[in-house]
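Quick one: the structure is below, and I'll ask about it shortly.
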Amino acid sequence: MFNRQEFISDSEWEQFRKCSENLPTPNVVVNLRTIKYNYVHLKDSFPYAHIYYAVKSNPGTPVLKLLDSLGSNFDIASRYELDDVLSLGISPDRVSYGNTIKKPADIQYFYEKGVRMFATDSKEDLKNIAKLAPGSRVYVRILVESSPTADWPLSRKFGCHPDMAYDLLVLARDLGLTPYGISFHVGSQQRDIGQWNDAIAKTKYLFTALEEEEGIKLTMINMGGGFPAHYIQPTNELKEYAHEITRYLEEDFGEDIPMIVFEPGRSLVADAGILTSEVVLISRKNNTALDRWVYLDAGKFNGLIETLDEAIKYPIITDKDGGKEGSVIIAGPTCDSMDIMYENDKYKLPLELKQGDKLYWLTTGAYTSTYASIKFNGFPPIKTYYMDENGIVE
Ligand SMILES: *Cc1c(COP(=O)(O)O)cnc(C)c1O
């Protein structure tokens, strides 16, 4: 159904097959070389940007170590992620606390560990930061319209209206904090580059108003994530994003471009992963049914939660591709009827496909390995392996 070569080169595929052949399924194998390539490519595309890797997208230790060695900073959302990152010897001044939803005790914990950069979007949280992380740099996340062009929207729950962001930054100053900048996230896997234009325009308005009316000079724009990975639905190449976003910045800020931060997750790690699942059962619901149900040992609860509402459409390949195909409903192994990955979007799989065959889900390096339940129906979280040019990394 899919042309594998559009997503992964022959040599990478062969290396993956060699490394993964004997691993028990289901599993995800993450190729560290792809992450390195993506990181370097992002830095080349935006030479002026500071990268804060969104740890939640794939918190595997080999990934964190690699990105550390490449000079990345880290965007962190919980004390557990913080512990993981600091335990690798990464300095807390390379960490931002990007979650706007936090307990006072967690603010204190981050402060005690040495973190001095905090996101916020509410008065309550800002006051807690002033009290428990005195003098820190704060940036305020603004709401951006939810757009149907983001395959995995992150709007609504986070951010506040720009008018409120203005008030919060004034209050931050009055409470002895450093009003540092503005952040936004245009939605993950954002296919419409124009979304950055609107958000940058709002940001520019806040920079100007705060300076003119309050004498507050902001320093930083944190543009979050949103850059694409290669799923079925096509997107522009990263260099198009870079070209356009840089142009928006120059149009709004001229020579005086603030410090730019990105928090990429998906675009760095998704393309690096391949999830292997085994066919547990194939059946039809009546003798003349056209669709086959294909049940796998991986599903919504152990790695494939981003198929919720069929939002992320992964390319799937099998060892029997090339022959006749028929449409299928693809479902996971648990006793929950929401554990169906694709039903409305008609995937086609080979008619020859049998119990015990494997399905390879490409582009599964982001939001799979830990975005899973622990023991629903007794199924463990999906096992993740990391490989480099020498094979599987222990
Ligand atoms: C999840 C998240 C990101 C990563 O977004 P991607 O679209 O995966 O790059 C960045 N910033 C924040 C605040 C996030 O919550």
Side-chain angles (χ1 to χ4, degrees), residues 30 35 38-39 41-43 45-46 49-60 63-64 67 72-78 80-82 85 95-102 110 115 117-122 125 138-144 146-147 149-160 165 180-193 195-196 199 203 220-231 233 235-236 238 241-242 245 260-273 305-306 308 311-312 314 363-371:
V30 174
I35 298 177
N38 286 342
Y39 182 87
H41 185 46
L42 183 65
K43 278 298 277 181
S45 307
F46 294 96
H50 300 252
I51 310 292
Y52 280 68
Y53 172 57
V55 171
K56 75 170 187 285
S57 61
N58 188 324
V63 176
L64 299 179
L67 291 170
S72 182
N73 306 288
F74 298 88
D75 178 59
I76 284 183
S78 74
Y80 312 104
E81 285 183 353
L82 180 66
V85 165
V95 167
S96 66
Y97 193 175
N99 195 344
T100 57
I101 321 283
K102 37 187 150 23
F110 273 67
V115 176
M117 184 148 69
F118 294 79
T120 194
D121 62 5
S122 69
D125 183 57
V138 290
Y139 57 95
V140 176
R141 180 153 167 185
I142 55 171
L143 268 173
V144 291
S146 84
S147 86
T149 48
D151 289 336
W152 196 262
L154 290 168
S155 50
R156 231 157 50 79
K157 181 169 170 187
F158 306 102
C160 60
Y180 196 52
I182 299 293
S183 75
F184 55 79
H185 195 306
V186 294
S188 199
Q189 190 71 9
Q190 177 56 266
R191 286 176 282 107
D192 174 17
I193 307 177
Q195 296 295 318
W196 274 269
T203 302
M220 179 206 68
I221 308 175
N222 178 332
M223 301 205 220
F227 296 133
H230 293 94
Y231 300 108
Q233 198 137 349
T235 63
N236 280 291
L238 186 66
Y241 283 74
I245 291 170
I260 301 297
V261 165
F262 288 125
E263 298 171 334
R266 189 183 301 281
S267 64
L268 291 184
V269 296
D271 291 350
I305 191 138
E306 286 205 314
L308 217 65
I312 298 291
Y314 298 102
T363 323
T364 44
Y367 305 117
T368 51
S369 62
T370 56
Y371 203 175

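Counting starts at 1 for both ligands and their atoms, following the listed order.
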Inset, instruction - Provide the closest heavy-atom pair for Leu238 versus Ser45 in the form atom of the first, atom of the second, distance. - result: CD2-OG, 3.7 Å

Legend entry - Residue pair Thr100 / Arg141, side-chain donor-acceptor N/O under 3.5 Å: no

Inset, instruction - Please step through side-chain contact (heavy atoms from CB on, under 4.5 Å) for the pair Cys160 and Val140, ending with a clear verdict. - result: CA-CA 8 Å; Cys160 60; Val140 176; 3.8 Å; yes

Legend entry - Minimum-distance protein heavy atom relative to atom 5 (O) of ligand 1: His185 NE2, 2.9 Å

Legend entry - Polar side chain donor-acceptor pair, Tyr53 to Ser57, under 3.5 angstrom: yes

Inset, instruction - Give yes or no for whether the N/O distance cutoff of 3.5 Å, strictly under, is met between Ser188 and ligand 1. - result: yes

Legend entry - Minimum side-chain heavy-atom gap Tyr367-Trp152 below 4.5 Å: no

Inset, instruction - For Ala54, take its heavy atoms, then give the atoms of ligand 1 lying under 4.0 Å from any of them. - result: 3 (C), 4 (C), 10 (C)

Inset, instruction - Using a strict cut-off of 4.0 Å, indicate which atoms of ligand 1 neighbour a heavy atom of Arg266. - result: 6 (P), 8 (O), 9 (O)

Inset, instruction - Please say whether Ser267 places an N or O atom under 3.5 Å from an N or O atom belonging to ligand 1. - result: no

Legend entry - Contact check: Glu263 vs ligand 1, nitrogen or oxygen atoms, below 3.5 angstrom: yes

Inset, instruction - Determine the minimum heavy-atom distance between Ala272 and Ile35, stating which atoms define it. - result: CB-CG1, 3.6 Å

Inset, instruction - Could you check atom 1 (C) of ligand 1 against the protein and tell me its nearest heavy-atom contact, residue, atom and distance included? - result: Lys56 NZ, 1.3 Å

Inset, instruction - Could you check Phe158 against His185 for side-chain contact (heavy atoms from CB on, under 4.5 Å), going step by step and ending with a plain yes or no? - result: CA-CA 9 Å; Phe158 306 102; His185 195 306; over 6 Å; no

Legend entry - Gly226, any N or O under 3.5 Å of ligand 1 N or O: yes

Inset, instruction - May I ask you to check whether Gly265 has an N/O atom sitting below 3.5 Å from an N/O atom of ligand 1? - result: yes

Inset, instruction - May I ask you to check if ligand 1 and Gln189 share an N or O to N or O distance below 3.5 Å? - result: no

Inset, instruction - Heavy-atom contacts with Arg141 under 4.0 Å: which atoms of ligand 1 show up? List them by number with element. - result: 13 (C)

Legend entry - Shortest protein heavy-atom distance from atom 8 (O) of ligand 1, along with the residue and atom involved: Tyr367 OH, 2.6 Å

Legend entry - Parallel, tilted or perpendicular, as decided by the 30° and 60° cut-offs, for the rings of Phe118 and Tyr97: tilted

Inset, instruction - May I ask you to list the atoms of ligand 1 that are less than 4.0 angstrom from any heavy atom of Pro264? - result: 9 (O)

Legend entry - Shortest non-hydrogen contact between Ile182 and Tyr139, atoms and distance: N-CB, 4.2 Å

